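The next block holds one structure in the form of structure tokens; read it before the comments.
This structure is a prediction, so every number in the text was calculated from the model and none was measured. Note: hydrogens, waters and symmetry copies are ignored here, and every other heavy atom, side chains too, is used.
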Amino acid sequence: MAVYLVAVLLLLTPCQPVPLDFPPLSNSSLFLEELSNTTEHYSIQPPGTIRRTPQTIIVGVRKGGTRALLEMLDIHPNIVVAATEVHFFDWDENYVKEIEWYRSLMPFSFENQITIEKTPGYFTSPLAAERIHSMNSSIKLLLILRDPTERVISDYTQVYYNRLENHKPVQPFEGIVIKNGALNTKYKAIQRSLYDIHMERWLKHFSLNQIHIVDGNTLIKTPLTELQKVERFLNLPPRIVSSNFYFNQTKGFYCIRSDGRERCLHESKGRPHPIVNETVLEQLYSYFREHNQRFYTMVNQTFDWH
């Protein structure tokens with residue numbers, strides 16, 4: 001049942017200067033193109049199936065490993081996944097189309113299958129938590145997180161390559177993160193890594209036992225460990241096994257083996273990151289440290305972050 005797949009590996013190799021808060025390529029036009037492909041893919045209804053609103057949503061975080069997580073979970077025979085990021089709960093122009101429009105974008109599923117949708121933008125959206133709760137107050141949520149500083153660099157790197165591909169100017173990482181000699185805490189990539197701020201909003205609408213946090217740093221090293229935890233959280237029989245993964249020496253990360261096929265993440269995943277000035281790294285580590293500790297307390301869980 002696998003779609004594509006696997007994990008994002010951090011490669012710290014030199015690269016050219018890069019950009020700031022420029023919109024990513026996943027904009028409305030790209031969304032519509034993906035939506036067209038998805039609609040065609042889902043147009044044939046197998047007997048005994050219907051479209052269902054998701055029983056589980058991967059709500060974030062951007063550049064945390066959401067695509068890898070989704071496609072790894074797609075190995076499980078009791079899981080079906082939406083092929084594209086729907087942006088129903090965080091984009092007003094989609095939310096006004098109402099729930100039947102949203103349901104129409106889900107894959108067909110059998111009664112014993114869980115439908116999963118993932119849109120990383122939900123986690124940092126001021127409205128998504130409340131809107132999802134209004135749809136289904138008992139829904140189970142998956143949140144995959146990684147070291148906040150690594151996530152900022154990865155966020156920057158994605159925008160950097162998007163701008164290069166579109167022949168737009170770029171800025172060095174340090175030129176964006178540091179303004180007038182101080183950390184630019186208004187930089188959106190930094191704001192997205194303030195996990196405690198965003199989690200506080202989600203916990204106003206959902207209990208902690210409805211939210212399972214996947215360790216993105218562990219997922220890329222030992223994927224089976226994290227996926228078995230997700231299986232238990234979703235009350236699914238254990239079906240994902242070690243033979244479903246193999247380490248691709250060329251790419252430098254794990255890929256998926258399922259249904260007699262092998263799949264790796266798209267080439268846009270795992271792009272080389274810039275080497276960041278050590279002083280700037282220390283400033284980021286220091287800034288996130290208090291937020292991380294507050295987050296650990298909120299979720300009763302700790303992570304191996306700087």
Nearest heavy-atom pair of Ile220 and Tyr254: which atoms, and what distance? O-CD1, 3.6 Å
Leu183 side chain reached by Val177 side chain, heavy atoms, under 4.5 Å: yes
Mind checking the CD-NE2 spacing from Glu231 to His212? Nearest 0.5 Å is all I need. 10.5 Å
Indicate whether any N or O donor in one side chain lies under 3.5 Å from an N or O acceptor in the other, for Gln301 and Asp215. no
Within the structure provided, determine whether Leu208 and Leu203 are in side-chain contact (heavy-atom separation under 4.5 Å). yes
Test side-chain contact (heavy atoms from CB on, under 4.5 Å) on Leu281 and Thr149; report intermediate values, then the result. CA-CA 8 Å; Leu281 282 177; Thr149 297; 4.0 Å; yes
Between Tyr195 (side chain) and Arg146 (backbone), is there a donor-acceptor pair under 3.5 Å? yes
What one should report as the nearest heavy-atom pair of Ala189 and Val152 is O-CG2, 3.4 Å
Nearest non-hydrogen partners of Gln283 and Gly181, listed with the distance: NE2-O, 4.3 Å
Check whether Asp90 reaches the backbone of Ser125 with its side chain - one donor and one acceptor, N or O, closer than 3.5 Å. no
Within the side chain of Gln55, is there an N or O that forms a donor-acceptor pair under 3.5 Å with the backbone of Thr115? yes
Please determine if Lys97 forms a cation-pi arrangement with Tyr102, meaning its NZ or CZ atom is less than 6.0 Å from the six-membered ring centre and no more than 45° off the ring axis. no
Closest approach of Arg263 and Tyr246, non-hydrogen atoms and distance? N-OH, 4.5 Å
Within the 3.5 Å criterion, strictly below it, is a donor on Thr66 or Lys118 matched to an acceptor on the partner's side chain? yes
Side-chain donor-acceptor pair present, Gln210, Ser207, cut-off under 3.5 Å: yes
Check: Gln45 side chain, Thr49 main-chain N or O, donor-acceptor pair, under 3.5 Å: yes
Lys/Arg-Asp/Glu bridge criterion (N-O < 4.0 Å) met for Glu130, Arg201: no
Using atom types as modelled and distance alone, determine if a side-chain donor or acceptor of Asn166 lies under 3.5 Å from a backbone N or O of Arg163. no
Taking NZ, NE, NH1 and NH2 as the nitrogens, is one of them in Asp155 or Arg151 under 4.0 Å from a carboxylate oxygen of the other? yes
Does either side chain, that of Ser109 or that of Arg52, offer a donor lying less than 3.5 Å from an acceptor on the other one? yes
Does a salt bridge link Asp92 with Arg131, judged by any charged N lying under 4.0 Å from a carboxylate O? yes
So, does Asn78 use its side chain to make a donor-acceptor pair with the main chain of Ile114 at under 3.5 Å? no
Is any side-chain heavy atom of Met72 closer than 4.5 Å to one of Phe245? yes
Hey, can you tell me if Phe89 and Tyr95 have their rings parallel, tilted or perpendicular (30° and 60° cut-offs)? tilted
Side chains of Tyr296 and Phe303, heavy atoms from C-beta outward: is any pair under 4.5 Å? yes
Is the shortest side-chain heavy-atom distance between Leu145 and Ile213 below 4.5 Å? yes
Verdict with reasoning, Ile178 to Asn184, per side-chain contact (heavy atoms from CB on, under 4.5 Å): CA-CA 5 Å; Ile178 303 297; Asn184 178 18; over 6 Å; no
Reported CG-to-OG1 distance for the pair Leu194 and Thr124, which is rounded to 0.5 angstrom: 10.5 Å
Taking every heavy atom of Pro272 against every heavy atom of Tyr161, the minimum-distance pair comes out as CG-OH, 3.4 Å
For Gln158 and Lys63, does a side-chain donor sit closer than 3.5 Å to a side-chain acceptor? yes
Side-chain donor/acceptor of His76 to backbone N/O of Pro237, under 3.5 Å: yes
Exceeds 12 heavy-atom contacts within 6.0 angstrom, atom CG of Asn112: yes
Polar side chain donor-acceptor pair, Ser138 to Asn136, under 3.5 angstrom: yes
Please lay out, stage by stage, how His306 and Leu284 fare under the test side-chain contact (heavy atoms from CB on, under 4.5 Å). CA-CA 9 Å; His306 290 96; Leu284 286 166; over 6 Å; no
Heavy-atom donor-acceptor pair, Arg51 side chain to Pro107 backbone, under 3.5 Å: no
Salt bridge flag under 4.0 Å for residues Glu71 and Arg67: yes
Are any side-chain N or O atoms of Trp305 and backbone N or O atoms of Asn292, one a donor and one an acceptor, separated by less than 3.5 Å? no
Taking all heavy atoms of Ala129 and all of Phe206, pick out the closest pair and write down the distance. O-CE1, 3.5 Å
I'd like to check Gln293 versus Glu290 (side-chain heavy atoms, cut-off strictly below 4.5 Å). Are they in contact? no
Indicate yes or no for a side-chain donor-acceptor contact from Glu262 to the backbone of Ile256 under 3.5 Å, with no hydrogens or angles considered. no
Only one of Glu85, His87, Glu117, Arg62 passes side-chain hydrogen bond (donor to acceptor under 3.5 Å, both in side chains) with Tyr122; say which it is. Glu117
